> 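Got a structure for you, questions after.
Since the model is a prediction, treat every value here as computed from it, not as a measurement. In what follows, chains are A, B, ... by sequence order, proteins preceding strands, each numbered from 1.
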Amino acid sequence: MMKMEDRYDFSKIEPKWQAWWEERDIYRTPDNHGRPKYYCLEMFPYPSGKLHMGHVRNYSIGDVVARFLTMNGYNVLHPMGWDAFGLPAENAAIKHGNMHPAVWTNDNISTMRSQLKQLGISYDWSREIATCHPGYYRWTQWLFLQLYKHGLAYKKKAAVNWCPSCATVLANEQVKEGVCERCKAGVEKRELEQWFFKITDYAERLLEDLKLLEGWPEKVKIMQENWIGRSEGAEIQFPVEGAGDTITVFTTRPDTVFGVTYMVLAPEHPLVEKLIEGRPEAEKIREFVKNVQSQSEVDRTSTGAEKVGLLTGAFCLNPLSGERVPILVANYVLMEYGTGCVMGVPAHDQRDFEFARKYGLPVRVVIQPGGPDLEPDAMIGAYTGEGVMINSGRFNGLPSREGIRAVTGYCEEKGWGRGVINYRLRDWLISRQRYWGAPIPMVYCDGCGIVPVPEQYLPVELPMNVEFKPTGRSPLAECPEFVNTPCPQCGGQGRRETDTMDTFMCSSFYYFRYTSPRNEERVWGEEEINRWLPVDQYIGGVEHAILHLLYSRFFTKFLYDIKLVPCEEPFTNLLTQGMVLKDGAKMSKSKGNVVSPEDIVATYGADTARLFILFAAPPERDLEWSDQGVEGCYRFLNRVWRLVAPMAGKLSPAPPPATEKLVGVDREMHRLTHATIKKVTGDVGGRFNFNTAVSAIMEMVNGLYQYREVPETDRDPAVLNEAVESLLLLLAPFAPHISEELWRGIGRSGSVHRQPWPQWKEGAVAEDEVEIVVQVNGKIKDRILVPAGISQEGMKDMVYSRSNVQRLVEGRRVVKVVAVPGKLVNIVVR
RNA sequence: GCGGGCGUGGCGGAACGGCAGACGCGCCGGACUUAGGAUCCGGUGGGUUCACCCCCGUGGAGGUUCAAGUCCUCUCGCCCGCACCA
């Protein structure tokens, strides 16, 4: 039978302290202005049902950071909320018949909130927000109006990504490999009138300021850089023969313009119809265009997709060479990028080369590399490197790098073109034809056109009595009470916009709102925003590397420009945590490898769950779940329990021992205590190596077990007191409940979480002696203990005086001696 | 194809260029036990011996260095992101 004192009863201890903390409101954000601030933020969750292990990892990491900084004297803002609008709520409502998305969402929020409380995360719940509450989305709408007011929100008809399964349009960022990121259905193109945000206006700044983000992982910065996709080049106009039209083409290689042997338009290019009109090819081309457009994005853009092109029969003129080149239409040219057409330079572009070979189009070399001459007919690939311009009229002999500028300049001079910078980034499409989102605060009036809802009428509330079925039209359109409204401008009959906003909009500014979550007058208070922003540490999954983080950066820059926030970048430091895996794969219901946090907390308690997740791997790396590893952490906490709990009443507070008076085991224990403080402080405060911090605490506990074996009369009670108090303080951020229980148990006052972090004494950590290793010709021959702080010369003397060393070196010539204090001595002999 | 990351025991993972494998899991042994799948203590990379010494070991091949898991060059393998972007 297990004895009672063998195990600690987390099921009693954890709820007890959670209630105690809540009663005393100890996690409320302090108002103390005398201390430095620290804003610690974890990505708020979508209330999908219950917490999963990824959440536990995310919030455990954040909690250690928040608690550590609090104990280190910072005013910490550590809030939590809910990214509560979104499709799953609506889909659940459809599936479960009459359950309203709001009910489903609120139920999930209650469940997940109580789970977070059971984990003992130190949130200031008085600042909780949910993006689906009118008190929040009012400000989402308000922000939309600010963007509109500043010309950054506009409506246009465009070919947009349509997910037939979600029955809504999607942002470019939400489409991966031609399929909907959420439901994996193939995405179609549709022509629709939609609202966009002009994020492209900020492309340059979003790119440029990545350099400022020293506290961000390189990986995320590179992903954003690629997404923005800046490329420098020129737009050059090719007049169409006869018709008086002009084809404007974008190229990054104006230096190869003399090598153009054909021109290709995207099937959707507006000029196509005009060019082919009345020509014999017209029918065939129309059919081809229709065909390409009916193809799904996947088929059209997949790597293996064959390049197919057709001659239109029309020609255009190369303004520089005066040459006549045929115009084609081809499936590989994308209307969305550049100007929707490509100048074909087969000699110097691999894609063009393959295309030209397939259709027998001529290849003209205009860049000569340093090596052998290129023979167009013998070429097996394009030459895409640098070289010297040839066959290029007045530019012959110019290095291609200079040629780029020279040709661009010449075109500008002649009025044939201009230098431009192109971005892959497109404007952010925010309209969604779904119910469960923030309504777009716009009214259509036959007389006045598009009229914004005046700010004092916000929020435009989402009606509750609506049929939410994915019909392809917003369910709000079926709700006359919502749609019909007087025009705010003329008072006549108006119709509300019935689309709702992309939920990424709601989550792109929530971290600002946490500073004034209950302010009903303003989006946030000036004093509060200046005090807390930017976020010092942001923690979340790398899956948000582009969407959420890019949109948030965009909003921050906009809000900075209109002087509503004090910073141009929202998140100073970013930690992207790794995934939680089981059997080498991401946990998922379909794979049946899910470990539920609920079960783990019920079996082992929150402290064990947290400790395991922090101990098993460094935070950025993927973490392999191990039931036995969890067991080990539970065992460790019990070990702490058995060590400290019996000390209740026997461990009276004592002033810290004087290092220099300590000898033997007391000195060793004292050293271990301070070495552990130093290690844990560095690992948590500096590099976020929580795993090695935990292992240092484990070592300290092992040391304490040894120390305890020494008869009480032979050790200094002040050393034990110092060790135990330090241990509980160091453990507090990782395992808050057991630390609190033991802290109070040994009779200390206040909460362990409101104590100052222990400080190490350098003198206590220093070794009395250091071991130096003697190598002869690189091989270890001897080890010698020397007093700490000895000079290099003194050390050499000590090495030479060793008979062992003398024997080794005897009769040989000493070539070199290298001595590094505290490390080793190497003697090179011949 | 381009960009980024990672390769260390049976496993998760430690190692300012300085005794590779901390800590934990697993395994083996001892103690305490009627018993232990509890607890405490000890051992645990491989080889040879089976006490000691010694030799080999961080995906592979070179290089720099008194000294390389760590730095440099090449190479193999895995993971992630982007990908007809003109």
Side-chain angles (χ1 to χ4, degrees), chain A residues 1-3 5-7 176-177 217-227 229-231 233 249-253 256 263-264 266 300-307 330-334 336-345 349-352 354-355 422-425 542-543 545-546 578-579 581 584 611-612 615-618 620-633 635-636 638-639 642 679 689 691-702 705-706 708-709 771-773 775-780 783 815-820 822-829:
Chain A
M1 270 291 120
M2 182 205 298
K3 289 193 218 127
E5 63 268 29
D6 280 349
R7 299 277 175 119
K176 292 236 152 83
E177 286 164 17
E218 212 52 38
K219 181 193 166 97
V220 173
K221 288 190 276 187
I222 287 165
M223 282 167 76
Q224 292 216 352
E225 190 181 321
N226 291 340
W227 186 261
R230 181 185 199 271
S231 56
V249 68
F250 173 75
T251 177
T252 53
R253 292 292 303 272
T256 65
M263 183 68 70
V264 205
R300 194 171 157 191
T301 60
S302 67
T303 332
E306 207 188 341
K307 293 176 183 54
N331 61 350
Y332 75 94
V333 180
L334 307 172
E336 296 85 29
Y337 186 77
T339 59
C341 63
V342 176
M343 59 182 216
V345 186
D349 181 281
Q350 192 54 34
R351 243 185 358 256
D352 294 349
E354 284 157 21
F355 190 75
N422 232 306
Y423 298 93
R424 215 182 72 107
L425 181 72
V542 74
E543 66 273 18
I546 295 174
M579 289 185 297
L581 309 179
L611 193 73
F612 168 72
F615 175 62
E620 306 238 12
R621 221 181 295 176
D622 287 349
L623 180 153
E624 176 68 32
W625 187 264
S626 156
D627 291 331
Q628 286 165 331
V630 175
E631 196 88 43
C633 287
R635 208 152 34 216
F636 166 71
N638 277 303
R639 221 165 126 75
R642 280 189 302 271
K679 171 79 176 148
N689 287 347
N691 54 332
T692 50
V694 173
S695 77
I697 297 173
M698 287 172 169
E699 282 179 85
M700 184 180 174
V701 170
N702 292 342
Y705 265 82
Q706 305 274 329
R708 200 182 54 166
E709 292 303 304
E771 185 183 55
I772 60 172
V773 181
Q775 295 182 349
V776 175
N777 287 354
K779 304 225 168 178
I780 295 165
R783 292 156 199 281
V815 176
K816 191 173 177 184
V817 178
V818 183
V820 184
K823 289 180 181 167
L824 49 81
V825 169
N826 191 63
I827 303 167
V828 184
V829 296

> Using a 4.0 Å heavy-atom cut-off, does A:Gln224 contact any base of the nucleic acid, only the sugar-phosphate backbone, or nothing at all?
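It contacts nothing in the nucleic acid.
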> With heavy atoms under 4.0 Å as the rule, sort A:Phe636 into base, sugar-phosphate or nothing.
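No contact at all - A:Phe636 keeps every heavy atom at 4.0 Å or more from the nucleic acid.
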> How close or far is atom P of B:rG1 from atom CD of A:Glu354, stated in whole angstroms?
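Roughly 13 Å, once rounded to whole Å.
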> Looking for any heavy atom pair under 4.0 Å, which part of the strands does A:Asn691 touch: base, sugar-phosphate only, or nothing?
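The answer is sugar-phosphate, as A:Asn691 gets under 4.0 Å only of primed atoms, P, OP1 or OP2.
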> Return the minimal non-hydrogen interatomic distance between A:Val542 and A:Val220, and the atom names on each side.
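Scanning both residues completely, I find the closest heavy atoms to be CG2-CG2, 4.2 Å.
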> What protein N or O atoms touch nucleotides 26-28 of chain B N or O atoms at under 3.5 angstrom, if any, and at what distances?
unit_1 : atom_1 : unit_2   : atom_2 : d
B:rG26 : OP2    : A:Arg635 : NH2    : 3.2

> Under 4.0 Å: is that the gap between some side-chain N or O of A:Arg621 and OP1 or OP2 of B:rA14?
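Yes, such a contact exists.
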> Quick check: closest heavy atoms across A:Phe612 and A:Glu624, and the distance to 0.1 Å?
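Closest heavy-atom pair between A:Phe612 and A:Glu624: CZ-O, 4.0 Å.
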> B:rC19 and B:rC72: how far apart are their C1' atoms, nearest whole angstrom?
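About 25 Å, rounded to a whole number of Å.
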> Nearest of B:rC40, B:rG13, B:rC84 to any side-chain atom of A:Pro618?
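Within the option list, the nearest is B:rG13.
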> Check every atom of B:rC84, B:rC41, B:rU39 against the side chain of A:Arg642 and return the nucleotide holding the closest atom.
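Selected nucleotide (nearest to the side chain): B:rU39.
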> Within 90° of 0 counts as syn, otherwise anti: where does B:rG59 fall?
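B:rG59: anti glycosidic orientation.
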> Let me have RNA chain B in dot-bracket notation, would you? Count Watson-Crick plus G-U wobble pairs, both distances under 3.5 Å, and use [ ] for pairs crossing earlier ones and | for inter-strand partners.
(((((((..(((.....[....)))((((((.......))))))(((......)))..(((((..]....))))))))))))....
> Please pick, from B:rA86, B:rA15, B:rG24, the nucleotide with the shortest atom-to-atom distance to any side-chain atom of A:Asn702.
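Side chain of A:Asn702 sits closest to B:rG24.
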> Which one, B:rC84, B:rA86, B:rA22, comes nearest to the side chain of A:Ser231?
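Shortest atom-to-atom distance from the side chain points to B:rA86.
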> Can you see which heavy atom on A:Ala545 is nearest to which on A:Gln224, and at what distance?
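Closest approach of A:Ala545 to A:Gln224, heavy atoms only: O-NE2, 2.9 Å.
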> Would you compute the distance between atom CG of A:Asp352 and atom OG1 of A:Thr256 and round it to the nearest 0.5 angstrom?
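Between atom CG of A:Asp352 and atom OG1 of A:Thr256 there are 8.5 Å.
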> If I take atom OH in residue A:Tyr332 and atom P in nucleotide B:rA83, what distance separates them, rounded to the nearest angstrom?
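In whole Å, B:rA83 P lies 19 Å from A:Tyr332 OH.
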> So, is A:Arg424 close to the B:rA83 phosphate, meaning a side-chain N or O under 4.0 Å from OP1 or OP2?
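Yes, such a contact exists.
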> Which nucleotide wins on minimum distance to the side chain of A:Tyr705, given the candidates B:rC23, B:rC40, B:rC80?
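Closest of the options to the side chain of A:Tyr705: B:rC40.
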> Would you classify A:Gly229 as touching base, sugar-phosphate or nothing, given that sugar-phosphate means primed atoms plus P, OP1 and OP2, and contacts are heavy atoms under 4.0 Å?
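Touches nothing.
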> Would you say the side-chain atoms of A:Asp622 pair up with the backbone N or O of A:Gly578, donor to acceptor, closer than 3.5 Å?
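Pair absent, no side-chain N/O of A:Asp622 close to backbone of A:Gly578.
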> If you check the A:Glu699 side chain, which of B:rC41, B:rC23, B:rA86 turns out closest?
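Among B:rC41, B:rC23, B:rA86, the one nearest the side chain of A:Glu699 is B:rC23.
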> Does any part of the side chain of A:Val694, heavy atoms only, come nearer than 4.5 Å to the side chain of A:Met698, both counted from C-beta?
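Heavy-atom side-chain distance check passes, below 4.5 Å.
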> Counting only N and O atoms by type, is there a donor-acceptor contact under 3.5 Å from the side chain of A:Tyr332 to the main-chain atoms of A:Phe355?
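No; judged by distance alone, with no hydrogens or angles, the pair does not exist.
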> Take the protein atom CD of A:Glu620 and the nucleotide atom C1' of B:rG5, then report the distance between them rounded to whole Å.
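Interatomic distance, CD of A:Glu620 to C1' of B:rG5: 11 Å.
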> With heavy atoms under 4.0 Å as the rule, sort A:Ser626 into base, sugar-phosphate or nothing.
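It contacts nothing in the nucleic acid.
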> A:Leu623 CG to B:rC11 P: how many Å, rounded?
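Rounding to the nearest Å, CG of A:Leu623 and P of B:rC11 are 17 Å apart.
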> Nearest to the side chain of A:Ser695, which nucleotide is it out of B:rA86, B:rA22, B:rG12?
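Per side-chain heavy atoms of A:Ser695, the pick is B:rA22.
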> Assign A:Asp622 to base, sugar-phosphate, or nothing according to its heavy-atom contacts below 4.0 angstrom with the strands shown.
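Counting heavy atoms under 4.0 Å across all strands, the contact made by A:Asp622 is with sugar-phosphate only.
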> Counting the atoms with a prime plus P, OP1 and OP2 as sugar-phosphate, which does A:Glu218 contact under 4.0 Å by heavy atoms, base, sugar-phosphate, or nothing?
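No contact.
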